[in-house]
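Working notes, beginning with the structure itself.
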Protein chains: 2
Amino acid sequence: MGRDDGRRPPATLQDVAREAGVSLATASRSLNGSARKVREDYRARVLAAAERLNYAPNLQAQAVARGRTSLVGIIVSDITDPYFAQIAGGVIAAAEAGGLVATIGVSGRDPEREVQLVAALRGQRPTGIVLVGSRVADAAVTARLEAQLRDFENEGGHAVLVSQAGLPFDTIAFDNEDGARALARRLGAAGYANAVVLAGPEPLSTSRERTEGFLDGYASTGHPRDAVAVVHSRFTRDGGYEAMGAVLESGPRPDVVFAVNDVMAVGAMARLRAAGLEPGRDVAVAGFDDIETLRDVSPGLTTVRLPLEQGGATAVDLILKRASEPCLVSLPGEIVIRASTPGPAAEEA
Amino acid sequence: MGRDDGRRPPATLQDVAREAGVSLATASRSLNGSARKVREDYRARVLAAAERLNYAPNLQAQAVARGRTSLVGIIVSDITDPYFAQIAGGVIAAAEAGGLVATIGVSGRDPEREVQLVAALRGQRPTGIVLVGSRVADAAVTARLEAQLRDFENEGGHAVLVSQAGLPFDTIAFDNEDGARALARRLGAAGYANAVVLAGPEPLSTSRERTEGFLDGYASTGHPRDAVAVVHSRFTRDGGYEAMGAVLESGPRPDVVFAVNDVMAVGAMARLRAAGLEPGRDVAVAGFDDIETLRDVSPGLTTVRLPLEQGGATAVDLILKRASEPCLVSLPGEIVIRASTPGPAAEEA
DNA sequence: GTGAAAGCGCTAACAG
DNA sequence: CTGTTAGCGCTTTCAC
């Protein structure tokens, strides 16, 4: 007998009011937490009627009437990448806790697409938009993105950037430079004398900051800064794999490799193995992020732990309590030494 | 000078119409693809005016007026778990391709919460809801979930279940049993004679099917079915870790361990190492799913590859072309032998 | 072809 | 405290 196919349209507030024998307004006031009070027995009747009719408020209609929604939009490059997944998880959890529904868009690391997504999300008139990921676009696209976000804020929305500093909006930044610097010092002090950096795309600020921090810290332990090769590649597992390959094929073998994120580090490890080298024994490897899913790779990956979920949650907090001036929240990382870089006292197996 | 704080409300269709010197109706017809035609010069004027005013249609209002939205809701247990992330990625990508905006809820594996989320999403009046993950709830909660979904469909919505068969809605199921059976045959034929299954929670159908399939296939290679120990635990990394621990502490060491998903398998490997055993050498390990992020663990994990993203995408397809009868799409897996189970010819390093 | 006007479901003044 | 009513922004008959 198939399905009902759109029969019996959802009960409306009108229906509930009629069923309960009260006015529209009273029904409305009983069902949502209005400021005004409703006599207890009326309230009860309305609630009962709603229950009976299986009433669910039409949030779209509420939004139109109220002039604001309970939506928060998230835009990430790739939800499949655990870095973004963890941040998105933080955003979603905080949003739900705050009574908001999260809407999500995936840009596939395409800056153009990112602009389109902001425009599309804007149409939903969300309370806020959280944009995650660091800029790789040329100035023109960035300007258009900024324009979109500015329009959004002018309309009363609230934009928050995560891990993407430099634009005039609220921003949650992870302290990439300090984290990388601390890591490099530790490694340099432990005697690694021939480091190589596997970086992401040249213009990606996250990658740049981590690279800079590393070079800086490494230099501070007495290793000439320009003796460290920096190889650029994509910010993905395959990027790490290829960059590692390039390093192995050109020049002497390094004693330690710093990949600017864990995903790339894992790719680099795979490449080392493909070359018959054992990561952690023949070449030390370090990453960045301390991705949860990757905590069990073997040998354990030395890295810098970032409070990813917290970053996402904080973004939602900023949306809820909109400050009058754009603010910048900086979240520090914490270095974690594991077996992939023997030498410095390991803090974890 | 702070921010504008909600100044200049977004341009409305009204504004555009006035600016272009046409009626509301004409503006509406020009800006969305209406069936009716509009004289070309009018059209152009409206488009120009819209551009000038930076007009973006209020989708909520459109939804109210049209009686339907361009939203699709997704509910997953945990977006941080790569299994769900990949399926969600498929859903989001397909939704965007189909002009829909995805809304997402995370249940934290709490069946109660799942019901709440369906109710909450229903309020958005989405075109469809995709529910991912297999049932672990008792009959009462399941009944309430089913009621919510049924109401949703009666209102004209379309519910699709992914990897969660048995409810009377469109369903995308992965062929857990066949996959596990094929894997077990291969392993059994390769000479593994002392297998152990690390299963998820008893009532989880995904776990049950994989366990059943494995036992069945393993038995078909001549190993008595009830000689295989099945240890139940959580469906997570830590669950795998603990289950492996339980196995090691009680009874003889198995020669192969089948964890019902990759994440658990990785946990099991970690536990083996903690016990001084090398996975793949001292004890073979196999998983299920072939999670992308985990393809580089070492030794490479033998597993059953599932078309996760495709499953998500297919769910959206079903939503867009609503069939009159609930249908069941079954997606097969493909076994992948790697170094964690030496013996059978490896198909990949 | 175009425009006026009546909703869509809900909220929020505003009177009682 | 309750009910009436005028919107919210947009679509869609329905006349012209």
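Below, read A as the first sequence line, B as the second, and so on, with proteins coming before strands; counting in each chain starts at 1.
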Residues in salt bridge (Lys or Arg N to Asp or Glu O under 4.0 Å) contact with A/Arg45, at least two apart in sequence or another chain = none
remark   = Exactly one candidate in B/Ile319, B/Ile87, B/Ile75, B/Asp170 meets side-chain contact (heavy atoms from CB on, under 4.5 Å) with B/Val130; the answer is B/Ile319
request  = Report the nucleotide, chosen from D/dG9, C/dG9, C/dT2, that has the shortest atom-to-atom distance to any side-chain atom of B/Val38.
outcome  = C/dT2
ask   = Which pairs count as salt bridge (charged side-chain N to carboxylate O under 4.0 Å, His left out) when at least one residue sits in residues 157-167 of chain A, sequence neighbours excluded?
value = none
query = What is the distance, rounded to the nearest whole Å, between atom CG of A/Leu31 and atom P of C/dG9?
reply = 16 Å
Would you tabulate the nitrogen or oxygen pairs shorter than 3.5 Å linking the protein to nucleotides 14-16 of chain C?
from	atom 1	to	atom 2	distance (Å)
C/dC14	N4	A/Arg36	NH1	2.9

note = Sequence neighbours excluded, the answer for salt bridge (Lys or Arg N to Asp or Glu O under 4.0 Å) partners of B/Arg29 is none
query = Taking only side-chain nitrogens and oxygens of B/Gln62, does any of them come within less than 4.0 Å of OP1 or OP2 of D/dT11?
reply = yes
Atom pair distance, as rounded to whole Å: CD in A/Glu155 and P in D/dG9 = 12 Å
message = Expressed as a whole number of angstroms, how long is the span from B/Gln60:CD to C/dC10:C1'?
response = 13 Å
query = So which nucleotide from C/dT11, C/dG1, C/dC10 ends up closest to the side chain of A/Asn32?
reply = C/dT11
message = Distance check needed: C/dG3 P versus B/Lys37 NZ, whole Å only.
response = 18 Å
key: side-chain hydrogen bond (donor to acceptor under 3.5 Å, both in side chains) against B/Thr69, all qualifying residues, sequence neighbours excluded   = none
ask   = Can you tell me how far P of D/dG7 sits from CG of B/Asn58, to the nearest Å?
value = 18 Å
note = Between CG of B/Leu13 and C1' of D/dG9 the distance, given in whole Å, is 8 Å
I'd like a table of atom pairs between the protein and nucleotides 6-8 of chain C - only N or O on both sides, under 3.5 Å - with the distance next to each one.
from	atom 1	to	atom 2	distance (Å)
C/dC8	O2	B/Ala65	N	3.3

task = Check whether any side-chain N or O of A/Thr26 sits under 4.0 Å from OP1 or OP2 of D/dG3, and answer yes or no.
result = yes
remark   = Residues at least two apart in sequence or cross-chain that pass salt bridge (Lys or Arg N to Asp or Glu O under 4.0 Å) with B/Asp41, listed by chain then number, are B/Arg39
inquiry  = Within the 4.5 Å heavy-atom criterion, are B/Ile92 and A/Ile104 side-chain neighbours or not?
reply    = yes
ask   = For B/Thr12 and B/Tyr55, does a side-chain donor sit closer than 3.5 Å to a side-chain acceptor?
value = no
Steps toward side chain to side chain contact (heavy atoms under 4.5 Å, CB included) verdict (A/Glu96, A/Val101) = CA-CA 6 Å; A/Glu96 288 180 1; A/Val101 172; over 6 Å; no
key: Under the salt bridge (Lys or Arg N to Asp or Glu O under 4.0 Å) test, residues paired with A/Asp15 that sit two or more places apart   = A/Arg18
query = Has A/Ser28 got a side-chain N or O lying under 4.0 Å from the OP1 or OP2 atom of C/dT11?
reply = yes
message = Please report the end-to-end axis angle for the helix from C/dG1-D/dC16 to C/dG16-D/dC1, five pairs per end, rounded to 10 degrees.
response = 40°
Contacting residues from residues 40-53 of chain A, given that a heavy atom lies under 4.0 angstrom of DNA chain C = none
message = Considering only residues two or more places apart or on different chains, which pairs with a residue in residues 50-67 of chain A satisfy salt bridge (charged side-chain N to carboxylate O under 4.0 Å, His left out)?
response = A/Glu19-A/Arg52
task = Please list, chain by chain and in numerical order, all residues satisfying side chain to side chain contact (heavy atoms under 4.5 Å, CB included) with B/Leu59, sequence neighbours excluded.
result = A/Gln124, B/Gln62
ask   = If only side-chain N and O atoms of B/Ser23 are considered, is one of them under 4.0 Å from the OP1 or OP2 phosphate oxygen of C/dT2?
value = no
A/Arg68, A/Arg122, A/Arg150 screened by salt bridge (Lys or Arg N to Asp or Glu O under 4.0 Å) with A/Glu155, the one that passes = A/Arg122
Residues A/Asp81, A/Arg109: salt bridge by 4.0 Å N-O rule = yes
Separation of atom CG in A/Leu59 from atom P in C/dC10, rounded to whole Å = 9 Å
ask   = What's the CD-C1' distance between B/Gln14 and C/dA4, to the nearest Å?
value = 12 Å
